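Structure, as structure tokens:
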Amino acid sequence: MSDSFIKFDDVSHGYGDLPAQGKFAVENISLEVHTGGFIAIVGPSGCGKSTFMKLTTGLQKPSRGRITVGGNEVNGPLSFSGMAFQAPTLLPWRTTLENILLPLEIVEPFRFDFRKKKDEYIQRALKLLESVGLKGYADKFPWELSGGMQQRASICRALIHQPKMLLLDEPFGALDAFTREELWNILKDLWTEQQFNVILVTHDLREAVYLADTVYVMSKSPGKIVFKREIDLPRPRDLEITYTEAFTNIVHELRGHIGSIRSGK
Amino acid sequence: MSDSFIKFDDVSHGYGDLPAQGKFAVENISLEVHTGGFIAIVGPSGCGKSTFMKLTTGLQKPSRGRITVGGNEVNGPLSFSGMAFQAPTLLPWRTTLENILLPLEIVEPFRFDFRKKKDEYIQRALKLLESVGLKGYADKFPWELSGGMQQRASICRALIHQPKMLLLDEPFGALDAFTREELWNILKDLWTEQQFNVILVTHDLREAVYLADTVYVMSKSPGKIVFKREIDLPRPRDLEITYTEAFTNIVHELRGHIGSIRSGK
Amino acid sequence: MKKKNFLEKNAAIVLFIALLVIWQLICTVFKVSEFIFPSPIQIGQNLFEFRTEILRHSWVTFWTTMVGFGISIMVGVMLGFLIGSSKIAYDALYPIMTAFNALPKAAFVPILVVWFGIGAGPAILTAFLISFFPIMVNIATALATIEPELEDVLRVLGASKKDIIVKIGMPRCLPFFFASLKVAITLAFVGTTVSEMSASNEGIGYLLISAGSSMRLPLAFAGLVSIGVMAMSMYELFAVIERKKTAWAHRS
Amino acid sequence: MKKKNFLEKNAAIVLFIALLVIWQLICTVFKVSEFIFPSPIQIGQNLFEFRTEILRHSWVTFWTTMVGFGISIMVGVMLGFLIGSSKIAYDALYPIMTAFNALPKAAFVPILVVWFGIGAGPAILTAFLISFFPIMVNIATALATIEPELEDVLRVLGASKKDIIVKIGMPRCLPFFFASLKVAITLAFVGTTVSEMSASNEGIGYLLISAGSSMRLPLAFAGLVSIGVMAMSMYELFAVIERKKTAWAHRS
Amino acid sequence: QTAIKFQLDWRFEGPSAFFLEPAAKGYFKQVGLDVSIDAGNGSGNAVNRVASGSYDIGFADMAALMEFHGNNPDAPNKPVAVMMVYNNTPASVITIKGSNVKKISDLTGKKLGAPVFDAGRRSFQLFQDANKLGPVNWISMDPALRETMLVKGDLDAITGFGFTSILNLEARGIKAEDIIAFPFAQNGVKLYGNAIIVSPKLIKENPAAIKAFLEAFTKGAKEVIANPDDSIQYVKQKDGIINVDLEKRRLRLAIKDAVVTPDAKAEGFGTLSLPRLALMASQVSDIYKTKTRVNPDFVWDGSFLPLASLKTVLPK
Ligand SMILES: Nc1ncnc2c1ncn2[C@@H]1O[C@H](COP(=O)(O)OP(=O)(O)OP(=O)(O)O)[C@@H](O)[C@H]1O
Ligand SMILES: Nc1ncnc2c1ncn2[C@@H]1O[C@H](COP(=O)(O)OP(=O)(O)OP(=O)(O)O)[C@@H](O)[C@H]1O
Ligand SMILES: Cc1ncc(C[n+]2csc(CCO)c2C)c(N)n1
Ligand SMILES: [Mg+2]
Ligand SMILES: [Mg+2]
């Protein structure tokens, strides 16, 4: 497929000097994601999902194998990705608003005219904040926010610069079911509109099936991709779909695979 | 009820100088938990669940009202509680094992003979680690663990000194469904055995209903208790019960209450 | 949060006055002669009597120190960034800088005088040479201990090393930058004074030597008091800026 | 992770030799006379010729410095804890300490001599007085900026203030404690030397003055080299301990 | 054995042989004294340290002692000079050929360098008056810097002790014949130089010790004067880095300029002339602007001098 945006070619990665001992966090990962594709990764805790994200963005260089994104081999951090890390990692010396503006201070072309267009950018950030239910918290510091609020702010930071590739590492983990479903739809709409690439790590199978085109199931450490499921549910989807049988069937199928990983070991 | 272990008496609390402006994070909380009771708190993100936990342990002094725990008014941090915070907050200069031993270095009577019994305590910690699936990670540093692993380590730290009162703030949020259910059972068994008090904050209603005696639903900020549900499912419970109609009914009932909080505003 | 009482608000002044009283009492009760340790009253008399002279010398010392201190902030910050962000610079420069800083700067004053003549030149240079090291060390340490998790937040955006230093390194090390400023300003005053002591016709250093040589210890101490007051004012200035800029770090 | 090449492993030595060569070249090419700035070769010759004397004086300076430095670690840590954990102590002591530290310690040496006679007493005290401040400042800053989130981990267990300092304050401020040690050890050497310069029969300070007053600059510089070497060794010692104890903070 | 703490005025250089030699040869031991000798850093400090009780006996400039008396009239423990050693002050005005000072009268209006505490600078007014000079411009600096700056041409002349500055200039490559020195003593300023001073506490509690000290010192001084080159070994024992040849010259210069001078021969070694002392007291009171005028009677006590031994010290 010449259209593939993200391509993993038999990639293995381990931290520190473990690779030398043949110990990897993720092993023999090969996959391709076409431009604008939305994939989800599920798998047991510690299987290497976050590691996969770090590899994709170039934060970690693979011990073995080759990763290409947008046609170029990944050799260092890319500059067109947005990432919400598993921990909120907001900078404690910046207010929520300032935290969210951060990518615009770094990434071109926003960086170039950041000073000039600052007001416009602030408006954009405030709108984003409002959409995740944080209206009125722009001037609070991160440690004045609750856990879930921090997580939502972190999602805003990942989105603000409209990245070509969006990576979300369990972005809704600290949210209640209703807020979570609301954010699903916000994300879905943004994606439908802008057609960027998304990689979503989640433990919520309904979330994965509802949002993604393809769900990958990873095995226990060392993480390999043991199952790949194309989600052929029609789009546009709305929350009603989660009550359909087709949907629940896929969820159950995935659940079964994850279950068998556990018992298999 | 003279048996009540935890008692909130019209408690309101706000941070900084907000209370002076009449703005509170939690408002007019009154509740009683009998000795050995297991309660769960659910509610939308930012409603004040973590604040409630901090009040119970004495980490925050209520702006208004009175809290008694174990018969005494809470005036400062208690010394018989174990808490797993929402963020794992492991100390980065300690290995996982050392992090888990921390409470034993602080809390009497363990502190008294910590040096002498260190080997015994290490065994205990290792067993605990194994039970949450972290065998072999004792000597890793926290930043060498995945997000979910850190969270599990943090749960071990809350349990190691067998506290009379255990507070768990979304302890299983970063775990996949299977690991999570495994840990439910571990917690349930421990509690059945030792009958300590538990306060569990969670977004997972099944988790709340499966584990707790009573589930409290909090409203959006400022958090008030809007609904209290005694879970009259028979004990001992096992995972089968989650598929019963009685169980799903309670979950749906709670879900409805939370949903109405959102739309109500 | 709670209202401060009088003692809390004026702790420094109360302690200061208490110390003065004790000092005066000791001097009076034990009849300590002024050539051994002058009493606050004697010092006060000299401060008043020679106020114009002391002010004139203080002003010289003050601006000299400020120039040297300014240079030392610039150089200290730059070296700190260099050492804190490059492993090889750390390994190469740090030990040599440490060695250099262990040398008494007083030993270099004569050499500086030969190059720059007597006056402000050597004093500024001495103030600089003596005071950049703490700044460098704290900035380097702060940068070298940045949590990789925070760094990743920027790295994932394709940020350059410089971006990371500006957006994370600098704000994160601000509390320790201020800490080092407090150390550095005291050293800068010491540097200026020491240099003036061995090669100058003005400044508090000159006054110290001049008063010392005619065994007028109370006058010398009056000069020391003036340095102390100047340093304390600078401390208060830093404290004000620090409170504004690093509130986030002092939130407990 | 990757293999270090020769340059990276021996960066300090390579840079050091490079500096020496440049220095020698400048001295040779511009025919700088030895009483203006001696060349490395001249210094080397003196180092060799007077090695026993220099060693003897160095040993005196070394142990004196170590005693003063030891006291300053103890006092600096204690004051740092006090100031860092009590708001009122912070407000009261910090400005006064800053003022005190801006006073040139050389001015106190004559007074110390009155109390302790000349020799090790004033030198130890001067080394202490001059070097405790950076330690105090960094520890106080580290403690005052502990993240409340980490503190809560202990507070929820009913830990005392002391527990929190020992289990969180100390390890967390370790990198900055080591940073301050690096500053303090250089100051301690300066303190000892300055005191020896005006009140001692031995030590590198005495040698500096003695050689300086008879215009033997190469010998004086040989003494300075000895101080530099001692300070560098202490630096390396700290660096080894630091690598072991604060690896967690340098994990990037 | 009585323990005596002795404070020199300066470091272990040639002239300190006067004390180091009798100590090394055990002369103090023989008279029942256990003398420990510490290097000093200026006469002012030596006076202070004896006054404060840190030291029992010291070696210091008479002018510094007088200034202390004048400025601290109420001090309980004012040191007293008991023996004169440098009968003439070694202070000199020094310049080099090539500067624009050829004779004393050229000094008017010129740039002179010296530390503020330099004895020659502080008593320069006497030199001015005696030689009818106009005002000069002073530049202050470290002691060791003045010769360098003179050679560099930043100064027209310096003040300093002859036996220090002349040697320092030679060390900078100035030939002996190119150095021009105007010693105060030969140009109308008859100040006394260094004397042995003792604390009044010692006078009260153990006058015999003072007598014994002076006796042993005199014995040593005689040998130093007779054979200065031999004495330097005792200095070398104390400070291994000294340049022996240089210190030999320094000691000989000190003896010539300050110890074995025509004035000393006239008044006798160790003692002094009371009228000259009174004149000096009045001069010091004037030019040092002391708080009270110096009373020469309190500064000097000649009653401990070993008069018999003294007569044999100076060569005929
Ligand atoms: N910085 C690191 N240094 C060393 N080992 C690491 C590091 N980060 C992760 N690991 C290891 O790599 C493995 C995979 O971790 P990773 O964070 O990718 O898991 P994960 O799938 O994201 O888990 P979770 O769902 O719990 O977040 C784990 O065994 C972990 O211990
Ligand atoms: N340290 C603090 N300073 C100021 N405000 C705070 C602080 N901690 C929490 N808050 C505020 O208190 C409110 C309740 O926060 P809390 O953390 O208790 O929520 P929560 O129910 O735990 O939410 P979540 O489910 O997202 O963790 C929020 O509005 C938050 O902004
Ligand atoms: C051998 C000898 N050389 C110089 C002096 C003069 N002197 C006395 S104090 C001082 C400055 C230091 O404080 C100087 C240069 C001396 N007395 N003895
Ligand atoms: Mg992860
Ligand atoms: Mg919370």
Side-chain angles (χ1 to χ4, degrees), chain A residues 15 50-51 53-61 69-70 74-96 98-108 110-111 114 140-144 153-154 157-158 160-161 163-169 199, chain C residues 1 77 80-81 84-88 135 138-182 238-252:
Chain A
Y15 292 90
S50 301
T51 304
M53 302 290 244
K54 288 188 205 158
L55 287 169
T56 313
T57 52
L59 285 179
Q60 290 278 341
K61 276 189 82 158
V69 173
V74 178
N75 268 318
L78 306 168
S79 58
F80 48 76
S81 38
M83 178 147 169
F85 293 85
Q86 192 166 6
T89 58
L90 300 171
L91 307 182
W93 50 87
R94 288 179 166 238
T95 61
T96 308
E98 288 164 350
N99 261 292
I100 291 172
L101 290 177
L102 184 67
L104 303 181
E105 296 170 25
I106 301 294
V107 177
E108 298 291 0
F110 312 98
R111 173 184 195 139
F114 182 75
K140 299 262 179 196
F141 283 92
W143 30 274
E144 295 176 307
S154 151
R157 187 175 61 186
I160 185 101
H161 57 299
K164 276 209 283 185
M165 185 168 78
L166 179 66
L167 298 102
L168 302 172
D169 198 345
I199 305 182
Chain C
M1 268 166 240
V77 168
F81 278 163
S85 53
S86 147
K87 178 94 181 67
I88 193 162
I135 300 179
N138 265 16
I139 294 217
T141 306
L143 290 187
T145 56
I146 294 181
E147 294 88 346
E149 292 77 21
L150 288 189
E151 226 172 290
D152 281 353
V153 170
L154 281 202
R155 292 216 302 139
V156 83
L157 298 167
S160 66
K161 193 122 199 171
K162 188 175 147 264
D163 287 334
I164 295 176
I165 287 186
V166 172
K167 305 283 178 191
I168 300 206
M170 295 235 273
R172 206 197 77 117
C173 69
L174 219 50
F176 287 94
F177 176 64
F178 279 106
S180 71
L181 287 190
K182 291 171 194 167
F238 298 151
V240 169
I241 307 176
E242 186 183 14
R243 262 196 292 278
K244 278 199 194 156
K245 297 275 171 191
T246 68
W248 63 271
H250 290 269
R251 64 198 134 102
S252 59

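The model shown is predicted, which means the values in this text are computed figures rather than measured ones. For the numbers below, each heavy atom of this structure counts, side chains included, while hydrogens, waters and symmetry mates do not. The chains referred to below are lettered A, B, ... by the order of the sequence lines, with proteins before strands, and numbering in each begins at 1.
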Quiz item: Could you name the residues of residues 172-179 of chain C that have a heavy atom within less than 4.5 Å of a heavy atom in chain A?
Solution: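 C/Arg172 fall under the 4.5 Å cut-off.
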Quiz item: Hey, what do you get for CG (C/Leu157) to CZ (A/Arg157), rounding to the nearest 0.5 Å?
Solution: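 Going from the CG atom of C/Leu157 to the CZ atom of A/Arg157 covers 8.0 Å.
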Quiz item: Top residue by heavy-atom pair count (under 4.5 Å) with chain A, among C/Leu150, C/Leu154, C/Asp163?
Solution: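 Going by pairs under 4.5 Å, I would pick C/Asp163.
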Quiz item: Hey, which of C/Glu149, C/Lys167, C/Lys245 has the most heavy atom pairs under 4.5 Å with chain A?
Solution: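 Looking at each of C/Glu149, C/Lys167, C/Lys245 in turn, C/Lys167 comes out on top.
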Quiz prompt | Listed partners of C/Pro171 passing side-chain contact (heavy atoms from CB on, under 4.5 Å), at least two apart | solution =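 side-chain contact (heavy atoms from CB on, under 4.5 Å) check on C/Pro171 returns A/Trp93.
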Quiz item: Considering only heavy atoms from C-beta outward, does the side chain of A/Thr89 approach that of C/Asp152 to under 4.5 Å?
Solution: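 Not in contact.
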Quiz item: Which heavy atom of A/Leu59 sits nearest a heavy atom of C/Arg155, and at what distance?
Solution: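 For A/Leu59 versus C/Arg155, the nearest heavy atoms are O-NH2, 3.0 Å.
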Quiz item: Where on A/Thr57 is there a heavy atom nearer than 4.5 Å to chain C: the side chain, the backbone, both, or neither?
Solution: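 The side chain, not the backbone.
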